[in-house]
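Here's the structure, in structure tokens; my notes come after.
Keep in mind it's a predicted model, so treat the numbers as computed, not measured.
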Number of protein chains: 2
Amino acid sequence: MTKDENSRDHIQSLERGFQVLLAFDAERPNPSLAELAAATGLSRPAVRRILITLQSLGYVKGEGGHWSLTPRVLSIGQHYSASHAMIELSQPHLLRLAEQTSESASLAALDGTDVVYIGRVPVRRIMSINIAIGSRVPAYATSMGRVLLAWAPPKHVDEVIDAGLRPLTKNTVTDPEEFRRELRTVRAQGYSIVAGELEEGLLSVSAPVRDQSGTVIAALASSTSSGRATVDELRAEIAPLVVRTADAISADYGHRASGKAISTVHREHEGFF
Amino acid sequence: MTKDENSRDHIQSLERGFQVLLAFDAERPNPSLAELAAATGLSRPAVRRILITLQSLGYVKGEGGHWSLTPRVLSIGQHYSASHAMIELSQPHLLRLAEQTSESASLAALDGTDVVYIGRVPVRRIMSINIAIGSRVPAYATSMGRVLLAWAPPKHVDEVIDAGLRPLTKNTVTDPEEFRRELRTVRAQGYSIVAGELEEGLLSVSAPVRDQSGTVIAALASSTSSGRATVDELRAEIAPLVVRTADAISADYGHRASGKAISTVHREHEGFF
DNA sequence: ACCTCCTGTACGCTTTGCGTACACTCTGAC
DNA sequence: GTCAGAGTGTACGCAAAGCGTACAGGAGGT
């Protein structure tokens, strides 16, 4: 039995506050009070109280009966970045990788069944997807997700599979067994290549980034499109570079925290399995 | 008289929730319950209730008596980006500007007396500052801040001046009258150049981005360092490019929203003054 | 073994925050 | 012009949400 949600330790107003904050959306950029009440299922006075509170905190702004988010909402994420030294450390490595490959470089972490971009150096506009820091994509269909899952506790993998491997393109791996086999391959070879499983024509290579204890905490990726490279080229030329860069980030991170550099050699058989 | 903070419309628990969330920091990346209680001034049980709530929402994670933020915190900002179409629109323009200049390109909005980065294409590691989306810097000492203030309601300018123009380097403009004069110059010439007022050796050029109604809502900037360019070079070569790019973003934004393209010509005498 | 510092939980009280209900404004239809 | 209709803002009494004190239990250091 997991923690009870309706326990006395759950603060209703706080959850409601986030409900309202997250109700702002591409479809609802400037909602009225009534719209927000409808969208969240809360009463109008409740939403109003929340909005006034959020406004006093500087997160929303109301004018002319319509409300909108302020840039301060973006600053919330700074507290995540600031409390995870690896993000700042990885920046020069991301830049270098992007330069060397002339392709976008990304860093991501696992959050539930999604992968969240925590660092990124864009180079070209990749396909139709708008990727920015904080963006979420399903873990199962991306090379970064595969890497993170390959070294994650089995429980996470089960969760992802239970949530469903929906076909996003005709190439998406949707069979649980094939998926688990793929993760074993990733673990064995030390990197992941995914071609067109999230979006047609999108290619990416990804390798694990580790903390001091050797735990995989992030994935580094280089992304391109099928017009600019083939899977074989990625494997031969880009994959080693991505692995080396990921190892360099790990080394920086380990070195910084422990005072003694951790070997940058890829360690094949650590982790949770 | 402004809105009363202690009114019945202020939700205490919501404010406290943010207090706890924002207590995570570079100095406090993995705080214990007691640390957070001390940092926020709240009682331990109160903090615990908040943490459990935030955990159930997926924003924090507790293990071994220590708590940390999850990447989901970064995703909150997506709601800001998604509800401001201009950010996505500007992406290709930022990339192009960064390519043309071989320097980092940024987009920022005003939040109180700070400027918040809402879009960015990094090219090199600029000096010591770690700039990412969501980062905040004092408006008065940056070219983007000057641009935003030059076209902002006078009230904003007063606020910034009242908050104090502290010298961040030996070049920082700190005299209110000189500062106001500088804003008038920016308004007249249509762009701002700031050299080493935020950080020694940091140079940037910035121009306004407007919405459909002509209101300046963001600033576009190109940044470099004194080792790579002089103020005169920026003025002659980069400034026109930044202005043109900012106008192009404005045009895209106006066009998209109104169905009819707005002229990309820089409009000198609109705004709030 | 002791002491200290921490976390977790219980519990009764207060105050917070709730939603119903109503007054008011604005817009557009006719 | 008047009347709906849809929206916002406010009042208010009540339920319960959330509060902090107080205590129990653990881990780690001396």
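- Regarding Leu51(A), its CG atom lies at a distance of 14 Å from the P atom of dT10(D), rounded to whole Å.
- Residues Ser13(A) and Gly65(B) each lie close to DNA chain C; by heavy-atom proximity, the contact nearer the 5' end of the strand is made by Gly65(B).
- Remark: Arg180(B) engages Asp158(B) in a salt bridge, criterion side-chain N to carboxylate O under 4.0 Å.
- With hydrogens and angles disregarded, a donor-acceptor distance shorter than 3.5 Å links the side chain of Arg28(B) to the backbone of Ala23(B).
- The phosphate of dT8(D) has neither OP1 nor OP2 within less than 4.0 Å of any side-chain N or O from Arg48(A).
- We find that CD of Glu15(B) is positioned 12 Å from P of dC19(D), with the value rounded to whole Å.
- Remark: the Ser135(A) side chain and the Gln78(B) side chain contain an N/O donor-acceptor pair separated by less than 3.5 Å.
- When distances run from any side-chain atom of Pro45(A) to the nucleotides dC18(C), dT10(D), dT7(C), the shortest one goes to dT10(D).
- Side chain of Gln55(A) to main chain of Ile52(A): no donor-acceptor pair is present (N/O by atom type, distance under 3.5 Å, no hydrogens or angles).
- Here dT8(D) is the nucleotide among dG19(C), dT8(D), dT10(D) with the atom lying nearest to any side-chain atom of Ala34(A).
- Just one of Leu36(A), Val60(A), Leu42(A) meets the side chain to side chain contact (heavy atoms under 4.5 Å, CB included) condition when paired with Ile50(A); it is Leu42(A).
- Atom NE2 of His10(A) and atom C1' of dG18(D) are 13 Å apart (whole Å).
- In the set dG17(C), dT10(D), dG7(D), dG17(C) carries the atom at the smallest distance from any side-chain atom of Gln12(B).
- Mapping Leu42(B) and Leu33(A) onto DNA chain D by nearest heavy atom places Leu33(A) closer to the 5' end of the strand.
- Going from atom CD1 of Ile52(B) over to atom P of dA17(D) covers 16 Å, rounded to whole Å.
- Side-chain atoms of Arg44(A) lie closest to dT8(D) of the nucleotides dT8(D), dG18(D), dT7(C).
- Checking dG19(C), dT7(C), dG20(D) against every side-chain atom of Ser43(B), the shortest atom distance belongs to dG20(D).
- Residue Asn30(A) contributes atom CG, which lies 16 Å from atom C1' of dG7(D) at whole-angstrom precision.
- dT8(D) atom P lies 15 Å from atom CD of Glu63(A), rounded to whole Å.
- Side-chain atoms of Asp111(B) do not come within 3.5 Å of backbone N or O of Val115(B) as any donor-acceptor pair.
- The CG atom of Asp9(B) sits 11 Å away from the P atom of dG17(C) (whole-angstrom rounding).
- Distances shorter than 4.0 Å separate none of the side-chain N or O atoms of Arg16(B) from OP1 or OP2 on dG18(D).
- DNA chain D contains the following stems of three or more consecutive Watson-Crick or G-U pairs, with both distances under 3.5 Å: C:1-30 with D:1-30.
- When atom types are taken as modelled, the side chain of Asp211(B) and the backbone of Ser213(B) share a donor-acceptor pair closer than 3.5 angstrom.
- Atoms CZ (Arg49(B)) and P (dT15(C)) sit 15 Å apart, rounded to a whole Å.
- Side-chain atoms of Ala46(B) lie closest to dG20(D) of the nucleotides dA17(D), dG9(D), dG20(D).
- Listed by first and then second residue, the ring pair (Phe, Tyr, Trp, His ring centres under 6.0 Å) pairs that reach into residues 13-65 of chain B are Phe18(A)-Phe18(B), Phe18(A)-Tyr59(B), Tyr59(A)-Phe18(B), sequence neighbours excluded.
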